[in-house]
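Below, chain A is the first sequence line, B the second, and so on; all start at residue 1.
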Amino acid sequence: MLSLYNRIPSCSHRNFPKLPAYGLTTVPSPPQEDATIACLVLETDPQILASTLEKHTVQWTPELVNKVLKRLWNHGPKALQFFKLLDRHPTYTHSPAAFDHAVDIAARMRDYKTLWTLVARMRTRQLGPSPKTFAIITERYAAAGKPDRAVKIFLSMHEHGCQQNLNSFNTIIDVLCKSKRVEKAYSLLKVFRGRFRADTVSYNIIANGFCLIKRTPKALEVLKEMVERGLTPTLTTYNIMLKGFFRAGQIKEAWEFFLRMKRRKCEIDVVTYTTVVHGFGVAGEVKKAQKVFNEMVGAGVLPSVATYNALIQVLCKKDSVENAILVFEEMVRKGYVPNLTTYNVVIRGLCHAGEMDRAMEFMGRMKDDECEPNVQTYNVVIRYFCDDGEIEKGLEVFDKMGSGDCLPNLDTYNILISAMFVRKKSDDLLVAGKLLIEMVDRGYLPRKFTFNRVLNGLLLTGNQGFAKEILRLQSKCGRLPRQFRL
DNA sequence: TTAGGGTTAG
């Protein structure tokens, strides 16, 4: 596989001006095979990808394919092309997990035709679709603003050879709740609670749904109903309510609820404590958050990485990033391994304090700790560079993402395109146009607002030719303002 | 991937 890697000198394939390196210099580690292949797929012209892949003898395994698909996550069209090519491979056959990945990607691009073709193919090959497949599909439909469609799909699962049960029922009501369609989920529960024998989990999901939209009284009502039906609340139920009070800004109620939980001797756990530490912190009560954090060890409950993350975030937001970093160092000393969230919280804190250099240092440190920055990490840094007017540095960090290690997502493009308007420079508008083309190419659909903004910008700076190109793109995407529609 | 705690701006 080394030869394959050697063929690809660089994965940087954008036409933006090269800028001096800034802070992201780390010792290059040997490339993983999946990274190499992802890179190759990104680099190669779609027309010749099939023959290019054939030329290289790769030992395709489900694990390798899944890793590559994960790397191509934010480039839907390439990911699906790769999936389709391997689907015709003479010896390798896709695993159910690979199909689920492909289904998820197609659904995210709202390519529903491909989605259902894949589902049918899974069925023919007796690889599914599984309850997990339907969890993915219904979640995407709900997120795309089609909750009714999601419900219909759930109700027709059995027609695809996948029987509904209590688990899949709980999944669909959770999907509805997480997309804020709580009333719809609640009605569904009322209709089907007999058929599926709704349990504590079902009611916890609905209560949590009402908490998510800050309707704690309604959540309490749901729990009352649950008890009346002979179901016993669990610690999860109480943790849901506790978090709900904090989220709704009912700090006093949250505190009293927490005290009652302790008094009732229900074995409160690390989740309870993390909720309280975070809740008080976000409400600005840092001292109280710290006190609870210190108290938990005495109570025989060890903090988790998530608890540390909560405290660190709270210190960043309401105290100082210096104190947050002290806690960070302390957790490392105690043998905890900071995770992606820990780093992202610290990096955001540093960026917010204007300490961009130190933020970049931490980004290097996380790489050394084999905790690769993710798209959120990059987005935070890019956003703050741009907000500081350091647009070149923002673009430079963006350019580092191109390698297939971490592809930009919709947020990344939106952040950068917005930044291209602050300096009122003609060149910036050209970059905005290129970014717009690139994001469409990668399966992202820009908002009408974004198109129009870039178009106006290009016209005002005398880039009529380029503007026309963007206009054609916009019409292809079906995002043309009414007066221009063909 | 049947439910609860850490990342998403001010």
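Residue Arg348(A) places its side chain closer to dT8(B) than to any other of dT8(B), dA3(B), dG6(B). For Thr274(A), the listed nucleotide lying nearest its side chain is dG5(B); candidates were dG5(B), dT7(B), dA3(B). Side-chain atoms of Asp199(A) lie closest to dT2(B) of the nucleotides dT7(B), dA3(B), dT2(B). Considering only the side chain of Thr234(A), dA3(B) comes nearest among dT1(B), dA3(B), dT7(B). Picking from dG5(B), dT7(B), dT2(B) the nucleotide with the shortest atom distance to the side chain of Gln313(A) gives dT7(B). Among dG5(B), dA3(B), dT1(B), the nucleotide with an atom closest to any side-chain atom of Val271(A) is dG5(B). Nearest nucleotide to the side chain of Tyr384(A), out of dA9(B), dA3(B), dT8(B): dA9(B). In this structure, the nucleotide among dA3(B), dT1(B), dG5(B) sitting nearest to the side chain of Lys132(A) is dT1(B). Of the candidate nucleotides dT8(B), dG5(B), dA9(B), dG5(B) has the atom nearest to the side chain of Thr275(A).
Note on ring orientation: taking the six-membered ring where Trp is involved, the planes of Phe192(A) and Phe196(A) are tilted (angle from 30° to 60°).
When the P atom of dA9(B) is taken as reference, atom CG of Asn379(A) falls 12 Å away, rounded to whole Å. Between the CG atom of Asn339(A) and the P atom of dG5(B) there is a distance of 15 Å, rounded to whole Å. If you measure from atom CG of Leu302(A) to atom C1' of dG5(B), you get 15 Å, rounded to the nearest angstrom. The distance from atom CD1 of Ile206(A) to atom C1' of dT2(B) is 12 Å, rounded to the nearest whole Å. Going from atom CD of Gln163(A) over to atom P of dT2(B) covers 17 Å, rounded to whole Å. Going from atom CG of Asn167(A) over to atom P of dA3(B) covers 9 Å, rounded to whole Å. Rounded to whole Å, atom P of dG6(B) lies 19 Å from atom CE of Met366(A). In this structure, Met363(A) places its CE atom 19 Å from P of dT7(B), rounding to the nearest Å.
At a cut-off of 3.5 angstrom, the base of dG5(B) holds at least one donor-acceptor pair with the side chain of Ser304(A).
Residue contacts shown for Thr307(A) include a base, since a base heavy atom lies under 4.0 Å away. Leu235(A) comes within 4.0 angstrom of a base, heavy atoms only. Residue contacts shown for Asp269(A) include a base, since a base heavy atom lies under 4.0 Å away. Within the 4.0 angstrom heavy-atom criterion, no nucleotide atom of any strand lies near Val175(A). No contact: Asp387(A) has no heavy atom under 4.0 Å from any strand.
dG6(B) has its base syn relative to the sugar, with a glycosidic angle deviating from 0 by at most 90°.
Inter-residue side-chain proximity for Leu407(A) and Val375(A) is flagged as unmet; no heavy-atom pair is nearer than 4.5 Å. A heavy-atom distance below 4.5 Å is found between the side chains of Met360(A) and Val397(A).
Geometrically, Lys190(A) engages Tyr186(A) in a cation-pi contact, judged by NZ or CZ lying under 6.0 Å from the ring centre and within 45° of the ring axis. Cation-pi geometry between Arg149(A) and Tyr141(A) is met: under 6.0 angstrom from the ring centre, within 45 degrees of the axis. Judged by a 6.0 Å distance limit and a 45° cone about the ring axis, Arg121(A) is not positioned over the six-membered ring of Phe99(A).
For the pair Lys318(A) and dG10(B), the criterion of a side-chain N or O lying under 4.0 Å from OP1 or OP2 is not met. Taking 4.0 angstrom as the limit, His278(A) places none of its side-chain polar atoms (N or O) nearer than this to OP1 or OP2 of dG5(B).
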